[in-house]
Amino acid sequence: MVKDIRGGHPTFWTEFGTGPRRGLLIHCSLAHSGAWKGMASHLGGTLSMRAYDLPGHGRSDDWTPARDMQEMSVAMAADVIGSDGPMDVIGHSFGATVALRLAIERPDLVRSLVLIESVFIAAALADNPEMTGLHNEKNAGFRDALIRGDRVGAARAFMRDWGDGRAWESLPQEQRDMLAEKIHLIQANQATVLEDRPQILADRRIEALDVPVLLVRGAESSVFVGLTHAAIARRLSGARDVAIEGAGHMAPITHPRAVADLVSDFLEKVPERVDAD
């Protein structure tokens, strides 16, 4: 376990596995690097993995509005990889949006890309504008609670759609307190995941990617995840989109073996080294 300055921010990261390939794991919002422990245990013979805590999460220092949340997360990821790249990069939820942007901005660091339950919903709405009203309706409880300053209500609304399926009341009080305390970090991501502030779609930056890509989602997850994956796959020739039956948004935690098996099968077809021309 290490904590040092990465991407200009005090960053904590840990390591899993002893496999011959190197991988980077980027967790979802309101979690931490330890969330990968179960899935990493099934990948340890394939990958030597680094998992870092996003800004304001786990043991990394707090995020401040002086710097865009996703931009900071990408800079941290690039610096955690450093001279040990390229790596197989695996991201979950918001972490998947960070992984995608990392591949776009620093293709030299990314050997392959696994996007699990990506919430780059701007892509889904760009391809399906008729779904904008439904998305606004589903997001209203979270948004309105934040406007009222009701952090608990906002966290409850967010977890209803993006949690592991458990009722809010069944979560331990300590976990509910943590979610309410950090719920502003979800709002900090809205401009990038819903509005595409980096202009990834407008500039056709996804289409320019030349890297093997696997998309993994839970079959029971939000309709917007399915639409997001379809939008990304539509822009990436050769990308594969797979749904895990019985899984929801937190598939890497609730179905770690199933996700790990898909990742292992995918990586078998990705050369560990790319010979120079």
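When a residue number appears, it is its place in the shown sequence, counting from 1.
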*Asks:* Between D53 and R59, does any side-chain N to carboxylate O distance fall below 4.0 Å?
*Replies:*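 Answer for the salt bridge query: no.
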
*Asks:* Given the rule in the side chain to side chain contact (heavy atoms under 4.5 Å, CB included) test, do L267 and T46 qualify, once you have shown the distances and angles that lead to the verdict?
*Replies:* CA-CA 9 Å; L267 292 179; T46 301; 4.2 Å; yes

*Asks:* Measure the NZ-CE distance between K138 and M131 for me, rounded to the nearest 0.5 Å.
*Replies:*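 K138 NZ to M131 CE: 9.0 Å, rounded to 0.5 Å.
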
*Asks:* If I take atom CZ from residue F266 and atom OG from residue S112, how far apart are they, to the nearest 0.5 angstrom?
*Replies:*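 Taking CZ in F266 and OG in S112, the distance rounds to 4.5 Å.
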
*Asks:* Would a distance-only check, ignoring hydrogens and angles, find a side-chain to backbone donor-acceptor pair under 3.5 Å from Y52 to S60?
*Replies:*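 No; zero donor-acceptor contacts below 3.5 Å.
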
*Asks:* Is there a path of hydrophobic side-chain contacts, each under 4.5 Å between heavy atoms of I/L/V/M/F/W/Y residues, joining I186 to V98?
*Replies:*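 Both belong to a single hydrophobic cluster.
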
*Asks:* How far does OG of S33 sit from CG of L25, to the nearest 0.5 angstrom?
*Replies:*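 These two atoms lie 9.0 Å from each other.
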
*Asks:* Does atom CZ of R240 have more than 12 heavy-atom neighbours, drawn from other residues, nucleotides or ligands, at distances under 6.0 Å?
*Replies:*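 Atom CZ in R240 is not packed in, count stays at 12 or less.
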
*Asks:* Can you name the closest pair of heavy atoms from V110 and A103 and give their distance?
*Replies:*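 Closest pair (atom of V110, atom of A103, distance): CG2-CA, 3.8 Å.
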
*Asks:* Answer yes or no: are there more than 12 heavy-atom neighbours, outside E174 itself, under 6.0 Å from its atom CD?
*Replies:*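 For E174, atom CD is not crowded (no more than 12 foreign heavy atoms under 6.0 Å).
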
*Asks:* Would you sort out whether W13 and R6 count as a side chain to side chain contact (heavy atoms under 4.5 Å, CB included), showing the intermediate values?
*Replies:* CA-CA 10 Å; W13 70 94; R6 291 294 183 267; 3.5 Å; yes

*Asks:* Determine the minimum heavy-atom distance between G153 and A145, stating which atoms define it.
*Replies:*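 Nearest heavy atoms, G153 then A145: C-CB, 3.7 Å.
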
*Asks:* Is there a path from I116 to M49 through hydrophobic residues (I, L, V, M, F, W, Y) whose side chains come within less than 4.5 Å of each other?
*Replies:*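 Result: yes, single cluster for both.
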
*Asks:* Rounded to the nearest 0.5 Å, what separates atom CD in Q190 from atom CG in N139?
*Replies:*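 Those atoms lie 5.5 Å apart.
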
*Asks:* Looking at T228 and F224, would you say the former's side chain and the latter's main chain have a donor-acceptor pair under 3.5 Å?
*Replies:*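 Judged by distance alone, yes, a pair lies under 3.5 Å.
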
*Asks:* Would you find a donor on one side and an acceptor on the other, under 3.5 Å apart, between the side chain of N128 and the backbone of A124?
*Replies:*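 Yes, because the side chain of N128 sits within donor-acceptor range (under 3.5 Å) of the backbone of A124.
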
*Asks:* Would you check, one step at a time, whether the test side chain to side chain contact (heavy atoms under 4.5 Å, CB included) holds for S29 with N189?
*Replies:* CA-CA 9 Å; S29 293; N189 301 334; 3.1 Å; yes

*Asks:* Heavy atoms, side chains only, cut-off 4.5 Å: are F158 and L30 in contact?
*Replies:*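 Result yes, sub-4.5 Å side-chain heavy-atom pair found.
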
*Asks:* Just one of D4, L24, I26 clears the side-chain contact (heavy atoms from CB on, under 4.5 Å) bar with V80, so which one?
*Replies:*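 Single side-chain contact (heavy atoms from CB on, under 4.5 Å) partner of V80 among D4, L24, I26: L24.
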
*Asks:* Looking at G45 and P20, what are the two nearest heavy atoms and their distance?
*Replies:*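 Nearest pair, atom of G45 first, then P20: O-CD, 3.5 Å.
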
*Asks:* Looking at K182, I want to see if its NZ is surrounded by more than 12 non-hydrogen atoms of other residues, nucleotides or ligands under 6.0 Å.
*Replies:*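 It does: K182 NZ has more than 12 such atoms within range.
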
*Asks:* Go through it in stages, so that I can follow the logic: the residues are V114 and L214, the test is side chain to side chain contact (heavy atoms under 4.5 Å, CB included), and I'd like the CA-CA distance, side-chain angles, deciding distance and then a yes or no.
*Replies:* CA-CA 5 Å; V114 178; L214 172 67; 4.3 Å; yes

*Asks:* Indicate yes or no: at least one non-hydrogen side-chain atom of L113 is less than 4.5 angstrom from one of L102.
*Replies:*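 A side-chain contact is absent here, since even the closest heavy-atom pair is not under 4.5 Å.
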
*Asks:* Grab the two heavy atoms, one from G7 and one from D79, that are nearest each other, plus how far apart they are.
*Replies:*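 Of all heavy-atom pairs spanning G7 and D79, the closest is N-OD2, 2.9 Å.
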
*Asks:* Does the R111 side chain pair with the main chain of R22, one donor and one acceptor, at a distance under 3.5 Å?
*Replies:*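 Here the side-chain-to-backbone pair exists.
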
*Asks:* Hydrogens and angles aside, do T192 and D68 bring a side-chain donor and acceptor to less than 3.5 Å of each other?
*Replies:*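 Side-chain D/A pair, T192 to D68: absent.
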
*Asks:* Flag yes if M178 and W168 sit in one hydrophobic cluster, no otherwise; membership is Ile, Leu, Val, Met, Phe, Trp, Tyr, and two members link when side-chain heavy atoms are under 4.5 Å apart.
*Replies:*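 Yes; tracing contacts between hydrophobic side chains, which count when under 4.5 Å, links both residues.
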
*Asks:* Determine whether a donor-acceptor pair (N or O, by modelled atom type, separation under 3.5 Å) exists between the side chain of S118 and the backbone of T97.
*Replies:*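 Flag not set: sc S118 to bb T97 has no pair under 3.5 Å.
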
*Asks:* Do you know the tightest heavy-atom contact between A96 and L115?
*Replies:*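 The pair with the smallest heavy-atom distance is O-CD2, 3.4 Å.
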
*Asks:* With no hydrogens and no angle check, is any side-chain donor or acceptor of D150 less than 3.5 Å from a backbone partner on L146?
*Replies:*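 Side chain of D150 to backbone of L146: no pair is present.
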
*Asks:* Any heavy-atom pair between the side chains of I232 and D241 that's under 4.5 Å?
*Replies:*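 No - every pair of side-chain heavy atoms lies 4.5 Å or more apart.
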
*Asks:* In Å and rounded to the nearest 0.5 Å, what is the CZ to CZ distance from R160 to R156?
*Replies:*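 Reported to 0.5 Å precision, the distance equals 9.0 Å.
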
*Asks:* Do R21 and S48 come close enough that some side-chain heavy atom pair is under 4.5 Å?
*Replies:*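 Side chain of R21 against side chain of S48, heavy atoms only: no contact under 4.5 Å found.
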
*Asks:* Where do R205 and E105 land on the salt bridge (Lys or Arg N to Asp or Glu O under 4.0 Å) test, with the steps shown first?
*Replies:* CA-CA 9 Å; R205 297 166 75 186; E105 296 185 355; 3.6 Å; yes

*Asks:* Answer yes or no: is there a donor N or O on one side and an acceptor on the other, between the side chain of E117 and the main chain of V216, under 3.5 Å?
*Replies:*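 No; zero donor-acceptor contacts below 3.5 Å.
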
*Asks:* With a 4.5 Å cut-off on side-chain heavy atoms, are D61 and F12 touching?
*Replies:*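 The answer is no; the side chains never approach within 4.5 Å.
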
*Asks:* Within the side chain of D164, is there an N or O that forms a donor-acceptor pair under 3.5 Å with the backbone of M250?
*Replies:*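 No, D164 side chain to M250 backbone: no donor-acceptor pair under 3.5 Å.
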
*Asks:* Would you call R148 and D144 a salt bridge, taking side-chain N to carboxylate O under 4.0 Å as the test?
*Replies:*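 Answer for the salt bridge query: no.
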
*Asks:* Just by distance, no angles: are the side chains of H184 and R151 close enough, under 3.5 Å, to form a donor-acceptor pair?
*Replies:*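 Checked: H184/R151 side chains pair up, N/O donor to acceptor below 3.5 Å.
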
*Asks:* Give a yes or no on whether L100 and V270 share a hydrophobic cluster (residues Ile, Leu, Val, Met, Phe, Trp, Tyr; joining criterion: side-chain heavy atoms under 4.5 Å apart).
*Replies:*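 Not linked; separate clusters.
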
*Asks:* Taking the basic N atoms (NZ, or NE/NH1/NH2) and the acidic carboxylate oxygens, is any pair closer than 4.0 Å for R234 and E207?
*Replies:*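 Looking at E207 together with R234, the answer is no, because their closest N to O distance does not fall below 4.0 Å.
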
*Asks:* For the side chain of S170 and the backbone of R166, is there at least one donor-acceptor N/O pair under 3.5 Å apart?
*Replies:*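 Here the side-chain-to-backbone pair does not exist.
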
*Asks:* Report yes if some heavy atom in the side chain of V211 is under 4.5 Å from a heavy atom in the side chain of V213; otherwise report no.
*Replies:*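 Yes, their side chains come closer than 4.5 Å.
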
*Asks:* Indicate yes or no: does R235 engage D127 in a salt bridge with an N to O separation below 4.0 Å.
*Replies:*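 The answer is yes: the pair qualifies as a salt bridge.
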
*Asks:* Less than 4.5 Å apart, any side-chain heavy atom of C28 and any of F94?
*Replies:*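 No, too far: nothing below the 4.5 Å cut-off.
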
*Asks:* Centre-to-centre under 6.0 Å for H57 and H27, is that the case here?
*Replies:*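 Yes, close enough.
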
*Asks:* Tell me, with the steps shown, if R50 and E15 meet salt bridge (Lys or Arg N to Asp or Glu O under 4.0 Å).
*Replies:* CA-CA 5 Å; R50 291 178 189 167; E15 298 187 353; 3.7 Å; yes

*Asks:* Would you give the length of the straight line joining atom CG of L125 to atom CG of L227, rounded to the nearest 0.5 angstrom?
*Replies:*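 Going from CG on L125 over to CG on L227, the span is 8.5 Å.
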
*Asks:* Give me the ring orientation class for H92 and H249: parallel if the planes are under 30° apart, tilted from 30 to 60°, perpendicular past 60°.
*Replies:*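 The arrangement is tilted - the two ring planes meet at 30° to 60°.
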
*Asks:* If we ignore hydrogens and angles and just use 3.5 Å, is the side chain of T11 paired with the main-chain N or O of H9 as donor and acceptor?
*Replies:*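 Confirmed, T11 side chain pairs with H9 backbone.
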
*Asks:* Under a 4.5 Å side-chain heavy-atom rule over Ile, Leu, Val, Met, Phe, Trp and Tyr, are V242 and I90 clustered together?
*Replies:*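 Yes: a chain of side-chain contacts under 4.5 Å links V242 to I90.
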
*Asks:* Are T14 and W36 close enough that some pair of their side-chain heavy atoms sits under 4.5 Å apart?
*Replies:*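 No; the side chains remain at least 4.5 Å from each other.
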
*Asks:* I206 and L236: which non-hydrogen atoms are nearest, and at how many Å?
*Replies:*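 That closest heavy-atom pairing would be O-CD2, 3.2 Å.
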
